[in-house]
A.B. asks: 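One structure coming up, written as structure tokens, with questions to follow.
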Amino acid sequence: MASPIIAPFPAGRLRRLRRTSALRDMVSEVNLTAANLIWPIFVTEIAGGEGPIPSMPGVDRLTLDGARRAAERAMELGIPAICIFPHSDPDLKDESCERAWDPENIGNRAIRAIKETAPDLAVMTDIALDPYNINGHDGFVVDGKILNDETVEALVKMALAQAEAGADILGPSDMMDGRIGALRGALEQAGHKDVAILSYAAKFASGFYGPFRDAVGASGRLVGDKKTYQINPANRGEAIRCVARDLAEGADMVMVKPGMPYLDICRAVKDQFGAPTFAYQVSGEYAMLEGAIRNGWLSRDVVIESLLSFRRAGCDGVLSYFAPQVAEALAG
Ligand SMILES: NCc1[nH]cc(CCC(=O)O)c1CC(=O)O
């Protein structure tokens, strides 16, 4: 850390460089551009399942055609990546979760549709069993326990199907132990050597995922909670160990999730490992800000302020439902 020297007042007046917007821009320490954003979208396989998500005002579930249009919009706005989340048919959810690795599941169809429409856009996926699991968990559940190793085997099949469909970036969000090594090994063997892994490395057991679970239709289903696999919000050291472990197993990029309540983790991860570091400004954070803005309680300026906080905390980029609205604002 540099140790700046500040002349004693009145020689030193820090307000001099805050006087005009040109001066402020000159000394801005971080910036935010569309290139820093990853846009998460929800794609439904249910006829009539598209449309607004009540707990995420301004965010819609999309049809496959809607996903194609989102991809075109991302390209126009300079957003480099879209992340796909499936809204799957509840009647087809079961304990075997076999649809998770079906090449024709809605997630894989969306990958192919987007790559067809916008080949230069990076497509990111989510790897976890929850969209297809009858009980809403990210792993197999037997006698109330989440099985680790059996789940990892299923995640490998899911990952290979996504890579086969053309995904550029795989996002394991399940928090099972050993999954990054297993995925990386399987991708190498199957010839998908250049598929990147952005590990949800420091994913906390958070109440801020609530609106997301509404969006994908998992809220009613979740039996119990995810505390036996996601990190205790009290634990910073454990989060750092998870990131170290995932990088050592072959993750190309790492993520901290949720975002705003965990900026200390973002900074620590960036300082300690220097790897490409992302934060996920999750559904509950979106709902808080957008809800307050729509009620007139906050000004829309807080959106960019919130995203700048991630850049200041050392993040290279942010997954945010605000991505299209912010990219539009930045394009001015
Ligand atoms: N694998 C599940 C998954 N992937 C992304 C999110 C949350 C994203 C958000 O809240 O915006 C979740 C929810 C969970 O862990 O229960």
Side-chain angles (χ1 to χ4, degrees), residues 37-43 53-61 81-88 93 97 99-100 105-107 110 124-141 146 151-152 154-155 158-159 162 167 169-176 179-180 183 197-233 242 254-262 278-291 306-307 310 318-323:
L37 300 170
I38 298 177
W39 179 10
I41 61 168
F42 300 104
V43 187
I53 300 158
S55 53
M56 300 181 72
V59 176
D60 281 5
R61 287 190 204 101
I82 268 188
C83 183
I84 299 169
F85 290 98
H87 176 241
S88 50
K93 295 183 187 190
C97 305
R99 296 188 73 225
N105 73 25
I106 184 66
M124 177 174 167
T125 64
D126 190 73
I127 301 179
L129 300 181
D130 57 321
Y132 306 101
N133 203 345
I134 186 87
N135 50 51
H137 278 287
D138 293 6
F140 292 123
V141 184
I146 315 299
T151 298
V152 169
L155 298 174
M158 189 175 184
Q162 294 174 348
I169 305 167
L170 305 183
S173 71
D174 54 286
M175 291 299 285
M176 297 300 121
R179 88 266 207 226
I180 302 299
L183 294 179
I197 297 178
L198 199 182
S199 164
Y200 286 64
K203 179 171 178 180
F204 291 86
S206 172
F208 287 101
Y209 308 147
F212 173 96
R213 292 179 191 161
D214 292 342
V216 298
S219 345
R221 305 226 158 217
L222 185 62
V223 180
D225 57 46
K226 300 194 176 185
K227 291 181 185 169
T228 69
Y229 45 108
Q230 300 178 347
I231 305 171
N232 177 350
C242 285
V254 290
M255 189 201 297
V256 175
K257 177 188 177 189
M260 279 171 69
Y262 297 87
F278 291 78
Y280 198 145
Q281 183 178 48
V282 299
S283 57
E285 301 175 64
Y286 174 86
M288 285 196 300
L289 297 179
E290 187 66 28
S306 71
L307 292 168
F310 295 109
V318 189
L319 286 91
S320 174
Y321 302 97
F322 288 115

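These figures come from a predicted structure and were not determined experimentally. Values below: all heavy atoms of this structure, side chains included; hydrogens, waters and symmetry mates excluded. Atoms within a ligand are numbered from 1 in the order they appear, just like the ligands themselves.
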A.B. asks: Check whether any side-chain heavy atom of Pro131 sits under 4.5 Å from a side-chain heavy atom of Val216, and report yes or no.
C.D. replies: no
A.B. asks: List the closest protein heavy-atom neighbour of atom 11 (O) of ligand 1: residue, atom name, distance to the nearest 0.1 Å.
C.D. replies: Tyr321 OH, 2.6 Å
A.B. asks: With respect to atom 16 (O) of ligand 1, which of Met175, Arg213, Met56 exhibits the smallest heavy-atom separation?
C.D. replies: Arg213
A.B. asks: Provide, to 0.1 Å, the distance between atom 6 (C) of ligand 1 and the closest protein heavy atom, together with that atom's residue and name.
C.D. replies: Lys257 NZ, 2.7 Å
A.B. asks: Can you confirm whether more than 12 heavy atoms, excluding those of Phe208, are under 6.0 Å from its CZ atom?
C.D. replies: no
A.B. asks: Name the closest protein heavy atom to atom 1 (N) of ligand 1, giving the residue it belongs to and the distance to 0.1 Å.
C.D. replies: Ser173 OG, 2.8 Å
A.B. asks: Backbone, side chain, both or neither: what part of Leu222 comes under 4.0 angstrom of ligand 1, heavy atoms only?
C.D. replies: neither
A.B. asks: Tell me which one of Tyr200, Phe204, Phe212 gets a heavy atom nearest to atom 9 (C) of ligand 1.
C.D. replies: Phe212
A.B. asks: Which residue and atom name correspond to the protein heavy atom nearest atom 3 (C) of ligand 1, and how close is it?
C.D. replies: Lys203 NZ, 3.4 Å
A.B. asks: side-chain contact (heavy atoms from CB on, under 4.5 Å) with Ala128: which residues, sequence neighbours excluded?
C.D. replies: Asp126, Asp130, Asp138, Ser173, Asp174
A.B. asks: Are the side chains of Pro40 and Tyr280 in contact, using a 4.5 Å heavy-atom criterion?
C.D. replies: yes
A.B. asks: Which residue supplies the protein heavy atom nearest to atom 2 (C) of ligand 1, what is that atom called, and how far is it?
C.D. replies: Asp130 OD2, 3.0 Å
